[in-house]
Amino acid sequence: TYLMKKQIAKFTAIFEPAEEGGYTVIVPSLPGCVTEGNSLEEAVEMAKDAIELYCDCVIAEGNKVIIDDRRQIFGKMPKSRIVSIVKAIV
């Protein structure tokens with residue numbers, strides 16, 4: 001699915017506990033979209049912001065945003081990771 005105008009979209013995000021505390025967040029369907037937060041709640045908010053900024057940049061460059069492809073995260077994941085769906089306005 002391609003995104004052409006602003007709407008609420010769902011993206012899979014992987015929240016991994018950081019050694020120094022907090023969480024590192026990776027959005028597999030948006031290459032290079034990585035952020036972090038001091039708590040899980042902050043990490044979720046940071047993920048929303050990162051997704052929205054990422055998509056704004058892609059659209060500003062005249063490209064299309066490809067909405068989440070969950071197949072990218074199938075497979076074995078360490079139990080320490082949290083996989084969640086993050087809704088963002090993109």
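Numbering of residues begins at 1 and proceeds along the displayed sequence.
Annotation for A43 and Y23: closest pair CB-CB, 4.0 Å, computed over non-hydrogen atoms. In plain terms, the two heavy atoms of P28 and T12 that are nearest each other are CD-O, 3.3 Å.
A distance of 9.0 Å separates CG in N38 from CE in M46, rounded to the nearest 0.5 Å. If you take OG on S29 and CD1 on I51, they are separated by 7.5 Å, rounding to the nearest 0.5 Å. In this structure, OG1 on T35 lies 9.5 Å from CG on L53, to the nearest 0.5 angstrom.
Annotation: side chain of I26 is not in contact with side chain of F15 (no heavy-atom distance under 4.5 Å). I59 places a side-chain heavy atom less than 4.5 Å from the side chain of V65.
Contacts classified as salt bridge (charged side-chain N to carboxylate O under 4.0 Å, His left out) and involving residues 17-44 (residues at least two apart or in different chains) are not found.
When each of L30, V27, D49 is tested with Y54 by the rule side-chain contact (heavy atoms from CB on, under 4.5 Å), just one qualifies, namely L30.
Shown here are the side-chain contact (heavy atoms from CB on, under 4.5 Å) partners of E45, two or more places apart in sequence or in another chain: K48.
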